[in-house]
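A short write-up of the structure that comes next.
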Number of protein chains: 2
Amino acid sequence: MRPDLDTTLTQKNIRPTAMRLLVLDYLLNQTAAVSLNNLETYFMRSDRITLYRTLKTFEEKGLVHSIDDGSGSVKYALCPDDCSTEEHHDLHVHFFCNQCRETFCLPKSHIPEIALPENFKTEEVNLMVKGICSKCTR
Amino acid sequence: MRPDLDTTLTQKNIRPTAMRLLVLDYLLNQTAAVSLNNLETYFMRSDRITLYRTLKTFEEKGLVHSIDDGSGSVKYALCPDDCSTEEHHDLHVHFFCNQCRETFCLPKSHIPEIALPENFKTEEVNLMVKGICSKCTR
DNA sequence: GGATAACCTGCAACTGCATTGCATATTACC
DNA sequence: GGTAATATGCAATGCAGTTGCAGGTTATCC
C-alpha cells in the first residue's frame, strides 16, 4: 500500500529512529498540513522539542516543506516525490480554511508569471489562498 | 504636495494625535513596508506599545494593511485610496527582497483565477514573491 | 470656559511559538 | 562489544505580539 517507512527515511539520509517513523507515519495519514502543536497533541507522551527537531530534520532533508499560512504557527506537509534537498521552492498553492483553520497543499496548479517592476528578480513564489474548504462548505 | 495629514486621519475616523501624525508622515515617506521594529528604531523616544497600537488603529480604520512576508515580523503599508474599512482583501502582490529583507507592495497586477478543488471557496488571495529587488540587483 | 466623558499613551507584565545548551540515551560502525 | 556520532529530553531563553491598568490628553456639552 504505502512505501516502506524505513526506506523512505534512509533514502533521504535520515536515520530511521522510532520517533521519526511514528512522525512520518502520522504525516502520511494526514490530508492537511500539520503544525508542531498538532504533533504535540497527538504524541502526548513525547517531548515537544524532539518533535520540533524531527520536523526540522525532515525539512532539511527535503522530506517535508514548511508552510507559513499566516495562522501564527508554521505547518509542515510531505513534499511531492520530486522535491530535492537543495531546491524545494514550493510553487504549488496552499489553501487555508478560515473556518477549520486547516491548511492544504493544492495540487500543482501552475502559477503564471508575475509581472515585476524593472530589475526585480523572482526566486520564489508563495501563493496562499484563504477561504472555506470542502469539508466546511457543507 | 501631499494631502494634509490631519485630514487624512480624520477622514478615516482617526483622531489626529501628535504621535499618529508623526507615524503617518513617516509611512508616507517610505517606499517599503514597515515593521513595528522599524518604527521603534526611528521613534526611539517613543513607546513600543503606542506605536503598536497606532499601527493597529490605522489597520482597523483601513489606512494601512498588514503584510505577513514570512520574515517573522508583520509589516505595514499604506493602503491605496480605494481601500475601505470593511474590505481590504489585498489582491495586490507583495515582494520580499531576500537580500535587503525589505517588503514592497507591487502595483496591482491582476492575480489570475486559481483553480481550486471542488467545493473550495476563495475569500482572499495572498501572493508573495521573493527574490532580489532592483536596489540590490546592481 | 470649565466639567465630564471618551479616548490615547506609557509602563509592566504575560502569552505563544520558535530556538538553543547541555546532559543523557540511543544508534551506527569498526 | 566498544567507541564515536547522532538523537532525545529537560531546562531555559528570545522574540514578536498582546493585554490590563493608571495617568494624561482630547473632545464635547452645558
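Per chain, numbering begins at 1; letters A, B, ... match sequence-line order. Predicted, not measured: the structure shown is a model, and the values here were computed from it.
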Test of understanding: with ring pair (Phe, Tyr, Trp, His ring centres under 6.0 Å), list the residues that count as partners of B:Phe95, not counting sequence neighbours. A:Phe120
Please identify the 5'-most and 3'-most nucleotides of DNA chain D with any atom under 4.0 angstrom from a heavy atom of chain A. D:dT6 to D:dA11
Could you pull out all residues at least two apart from B:Arg101 that satisfy salt bridge (charged side-chain N to carboxylate O under 4.0 Å, His left out)? none
Just jot down the salt bridge (charged side-chain N to carboxylate O under 4.0 Å, His left out) partners of B:Arg53, sequence neighbours excluded, or say none. none
Would you jot down, in residue-number order, the residues of residues 43-52 of chain A having a non-hydrogen atom under 4.0 Å from DNA chain D? A:Ser46, A:Asp47, A:Ile49, A:Thr50
Sequence neighbours left out, what passes side-chain contact (heavy atoms from CB on, under 4.5 Å) with B:Gln99? Give chain and number order. B:Cys97, B:Ile132, B:Cys136
Would you find a donor on one side and an acceptor on the other, under 3.5 Å apart, between the side chain of A:Lys12 and the backbone of A:Gly62? yes
Would you call B:Met128 and B:Thr103 a side-chain contact if the rule is heavy atoms closer than 4.5 Å? yes
Over all strands shown, is B:Arg20 touching base, sugar-phosphate only, or nothing at heavy-atom distances under 4.0 angstrom? sugar-phosphate
Can you list the residues that meet the side chain to side chain donor-acceptor pair (under 3.5 Å) rule with B:Ser46, with sequence neighbours excluded? none
Those residues that, when tested against B:Lys135, pass salt bridge (charged side-chain N to carboxylate O under 4.0 Å, His left out) (two or more places apart): B:Glu102
Within residues 64-76 of chain A or reaching into it, pairs that qualify as salt bridge (Lys or Arg N to Asp or Glu O under 4.0 Å) - sequence neighbours excluded: A:Asp69-A:Lys75
How does DNA chain D look in dot-bracket notation if pairs are Watson-Crick or G-U with both distances under 3.5 Å, crossing ones as [ ], other-strand ones as |? ||||||||||||||||||||||||||||||
Do A:Asn38 and A:Ser35 meet the criterion of a side-chain donor-acceptor pair at a distance under 3.5 Å? yes
Check whether any side-chain heavy atom of A:Leu106 sits under 4.5 Å from a side-chain heavy atom of A:Leu127, and report yes or no. no
Closest to the 5' end of DNA chain D, once B:Ala18 and B:Arg53 are matched to their nearest nucleotides, is B:Arg53
Pairs touching residues 43-64 of chain A that satisfy ring-ring contact (aromatic ring centres under 6.0 Å, His included), sequence neighbours left out: A:Tyr26-A:Phe43
What are the bounds, 5' to 3', of the part of DNA chain C that sits under 4.0 Å from heavy atoms of chain B? C:dC7 to C:dA12
Could you go through the salt bridge (Lys or Arg N to Asp or Glu O under 4.0 Å) check for B:Glu40 and B:Arg48 one step at a time? CA-CA 6 Å; B:Glu40 214 183 336; B:Arg48 174 184 178 78; 2.5 Å; yes
